[in-house]
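First the proteins, then the strands, lettered A, B, ... as listed; each starts at 1.
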Amino acid sequence: MRNTFSTLFSISSRKSLKAFIRKSATLLENCTNERLIRHGNALHCHLIKMGLSSQKYIAVKLLIMYLDSRKSFEIDQMLKEFKGFNLVVHNCLVNANLLWGDVVNARRLFDEMPERNEVSWTALVSGLLKHGYVDEAMFYFVRNPFLSVFSWTATISGLVQNGLSFRAMELYKKMLRSGVLPNDITFTSIIKACIELGDLELGKGVIALIIKVGFEDDVCVSNSLVTFFLRLGEMDYARRTFDRMEEKDVVSWTTILDMHVEMGDLREARRIFDEMPERNEVTWSAIIARFSQSGNAEEAVRLFQEMVQDRFKPNESCYSSVISALASLEALQPGMNIHAHVLKIGMGTNVFVGSSLVDLYCKCGNTKDGRLVFDSLPEKNVVCWNSMVSGYSLNGQLAEATKLFNRIPQKNNISWNSLIAGHLAVDKFDEAFEVFNGMILSGEQPNKSTFSSVLKACASLASLEKGEYAHAKALKFGFHHDIFVGTALVDMYAKSGSIKSSQKIFNRMPTKNEVVWTAMIQGLAENGFAEESLHLFEEMERNSSVPPNELVLLSVLFACSHCGLVDKGLSYFNSMEEVYGIKPNERHYTSVVDMLSRSGRLCEAEEFIRNMPYEAEANAWAALLSGCKTFGNETLAKRTAEKLSELAETKPGGYILLSNIYASGGRWVDVMSTRELMNQKGIKKSGGCSWIELRNRVHLFYSQDETHTQSTEIYWVLQLFNSEIQSLFT
DNA sequence: ATAGGGTTAG
């Protein structure tokens with residue numbers, strides 16, 4: 001390109017002016033990226049010197065070049081130069097205003113135009129649609145007197161971009177009825193609409209027409225068909241369409257690579273990537289992003305290194321993906337190295353890169369530097385706002401998160417979800433629920449993440465009423481089939497004591513992963529349905545392809561312990577490593593101690609506790625002590641209590657357990673002395689708290705302070721009940 | 001008017 005420009009400068013004096021103008025115009029048309037625009041700029045200066053810059057043909061090309069590269073300053077300058085407006089310049093002017101988002105001015109200029117061609121109408125409609133002004137766009141669309149395939153296609157694709165695929169489909173049918181034939185771009189847009197609508201039959205109808213009109217061999221159309229089948233889960237069709245293509249480009253290969261990622265076969269994806277006939281930086285960025293998104297952050301980083309070694313120049317996408325991978329690895333130092341590099345090559349202000357950097361610093365617990373990057377971004381979009389809000393949320397800085405959330409100019413559902421997550425992080429479950437209500441009221445569409453968070457809050461509150469409300473909303477929005485939401489529902493109902501509902505949800509789930517199985521098995525065990533819990537575990541082993549994990553085995557031990565199946569529990573425990581390949585952790589050991597103590601096998605329990613490979617948890621000793629109480633083994637009780645107080649020296653939790661056990665045995669003197677000891681050592685016990693929900697209001701009761709407004713009355717009634725009960729026995 | 005890739009929540 002540089003050479004072309006220099007030859008142009010040298011020939012300009014010799015060749016005729018007309019040819020020079022034509023050549024300049026073509027060159028300006030080709031200035032499509034940042035680097036080439038600098039040449040275009042140089043040519044512009046040259047043209048000014050030659051007095052040719054206001055030559056209409058040239059000027060329009062210059063204007064379009066600046067428009068395409070969004071050089072608002074130059075556009076402004078150029079438009080000032082024009083005195084007599086012709087139609088093309090006028091169109092450019094409207095376009096410029098649309099580009100700057102000044103919709104009002106664009107409409108005014110359009111309305112004032114003395115004459116309009118189809119480009120004027122189409123540009124206005126698509127510009128309005130790009131900014132989400134659907135009604136306004138349709139106002140002009142119906143008045144457009146030209147309505148060739150251009151206008152139809154522009155409007156259809158604009159509607160699809162606004163998520164209005166159904167209306168796009170209607171318009172497409174109207175277009176066919178009016179006798180206008182679709183072209184390749186219409187087809188790719190309308191296939192995208194079919195993907196959005198998830199309608200296979202509709203898509204097949206479109207394919208019939210594609211073949212009839214003769215676009216089935218078009219690379220772009222075929223690519224969009226491969227994507228269509230892929231998104232609708234028809235992998236066979238996707239593969240067949242791909243194999244049938246005579247001409248394949250990078251896009252085709254990238255799409256089929258995507259298909260294997262979708263099917264969870266990253267190795268096959270990698271194989272295809274390695275064997276691709278051609279690659280570009282888009283392909284690289286696709287594979288890096290895919291590995292990063294599917295939890296293979298290390299591999300993503302390795303691919304990035306490989307890309308650099310292969311002398312490909314990473315683009316913004318690659319940087320943002322690799323930074324995001326490093327963020328999930330919490331690899332601060334390598335991330336900072338890339339940050340420095342990105343700043344050096346002038347990509348520091350890119351929103352994508354910036355958002356990932358914000359995420360990186362926040363995931364590594366450094367919200368201060370995250371904020372610094374955030375503040376340095378000149379053009380902020382929702383994503384980087386969300387990154388920062390969720391960064392604060394992640395680190396428990398709820399006040400900061402809320403403050404920033406309120407300043408987001410155009411919130412989306414992720415913004416709300418981030419704020420809800422922020423409340424969950426600091427255990428403010430009631431408030432999380434309030435935020436959810438605010439979200440619904442503001443008209444924001446909740447999604448599956450919203451429900452999985454909100455249901456988690458309900459589970460922690462053990463509030464059946466709120467949980468049922470959230471469940472109803474999830475049903476209404478159609479997210480109850482999602483595996484995340486289903487899991488949260490199973491857990492919520494179990495935690496709220498409605499185990500029947502929990503089972504219903506569980507049984508209806510079409511696909512189950514280890515998390516749901518665990519939630520259900522745990523729910524049953526904790527609600528006293530130990531046998532059912534164990535049955536379910538056996539079913540899980542028999543019928544499902546998911547291997548048991550640590551947590552599910554903990555629930556199994558818990559269940560065994562609670563229904564007295566000590567030997568069964570022990571055999572599970574002993575086979576953990578061998579059969580399931582899971583090394584028992586402290587909590588598993590504690591569970592076994594609990595199991596033995598509950599069934600009175602105290603000596604075994606003591607021996608077990610002394611022989612375990614870890615230092616026993618305070619809970620384990622407490623379980624043994626409580627077993628000693630039940631079975632009246634005073635000597636062992638004494639030994640255990642001593643051990644527990646000894647442990648309490650280093651672990652404050654021990655004191656609380658000790659005092660609880662004394663309390664349950666009615667040894668109030670010992671309770672007092674333990675509490676005294678805790679006070680001396682400055683150990684604060686967070687107060688026990690209980691609550692009930694009445695008429696949509698939660699009433700809290702704390703173990704120490706009488707904080708409830710009506711506590712006097714409540715205690716008074718309680719005393720009344722007590723004396724009534726007493727009188728029954730006398 | 002334009003298919004394929006990128007950042008955020010659970």
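A donor-acceptor contact closer than 3.5 angstrom is absent between the side chains of A/Asp258 and A/Thr255. At a cut-off of 3.5 Å, with distance as the only test, a side-chain donor of A/Thr153 or A/Thr186 sits close to an acceptor on the other residue. Between the side chains of A/Glu400 and A/Thr367, no donor N or O sits under 3.5 Å from an acceptor N or O. Looking at A/Asn417 and A/Asn386, their side chains never bring a donor and an acceptor atom within 3.5 Å of each other. Under 3.5 Å, the side chains of A/Asn117 and A/Ser120 contain a donor-acceptor pair of N or O atoms.
Among the atoms of the strands shown, only primed sugar atoms or phosphate atoms (P, OP1, OP2) are found under 4.0 Å from some heavy atom of A/Lys363. A/Asn447 comes within 4.0 angstrom of a nucleotide base, judged by non-hydrogen atoms across all strands. Within 4.0 Å (heavy atoms only), A/Ser321 reaches sugar-phosphate atoms of the nucleic acid but no base atom. Counting non-hydrogen atoms under 4.0 angstrom, A/Gln161 reaches the backbone sugars and phosphates but no base. In this structure, A/Asn412 reaches neither bases nor backbone, as no heavy-atom distance under 4.0 Å exists between it and the strands shown. In this structure, A/Phe484 reaches neither bases nor backbone, as no heavy-atom distance under 4.0 Å exists between it and the strands shown. Among the atoms of the strands shown, base atoms are found under 4.0 Å from some heavy atom of A/Asn315. A/Lys192 comes within contact range of no nucleotide atom at all, as no heavy-atom separation falls under 4.0 Å. Within 4.0 Å (heavy atoms only), A/Thr254 reaches no atom of the nucleic acid at all. When heavy atoms are screened at a 4.0 angstrom cut-off, A/Ser224 is found touching no nucleic acid atom at all.
Mapping heavy-atom proximity under 4.0 Å, the span of DNA chain B touched by chain A runs 5' to 3' from B/dA1 to B/dG10.
Less than 4.0 Å separates DNA chain B from no heavy atom of any residue of residues 297-306 of chain A. Shown for residues 373-398 of chain A: residues whose heavy atoms fall under 4.0 angstrom of DNA chain B, namely A/Val383, A/Asn386, A/Ser387, A/Ser390.
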_Working for side chain to side chain contact (heavy atoms under 4.5 Å, CB included), residues A/Leu419 and A/Thr402_ = CA-CA 7 Å; A/Leu419 190 64; A/Thr402 312; 3.9 Å; yes
*Check step by step if side chain to side chain contact (heavy atoms under 4.5 Å, CB included) holds for A/Lys248 and A/Ile256.*
CA-CA 11 Å; A/Lys248 289 169 184 137; A/Ile256 210 74; over 6 Å; no
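For the side chain to side chain contact (heavy atoms under 4.5 Å, CB included) with A/Thr254, the qualifying choice from A/Thr283, A/Asn280, A/Ile272 is A/Thr283, the only one to do so.
For the pair A/Glu299 and A/Arg302, the salt-bridge criterion is met [side-chain N within less than 4.0 Å of a carboxylate O]. Ion pairing of A/Arg270 with A/Glu306 is present here, as a side-chain N (NZ or NE/NH1/NH2) and a carboxylate O approach within less than 4.0 Å. Taking the charged nitrogens against the carboxylate oxygens, A/Lys456 and A/Asp491 have no contact shorter than 4.0 Å, which rules out a salt bridge.
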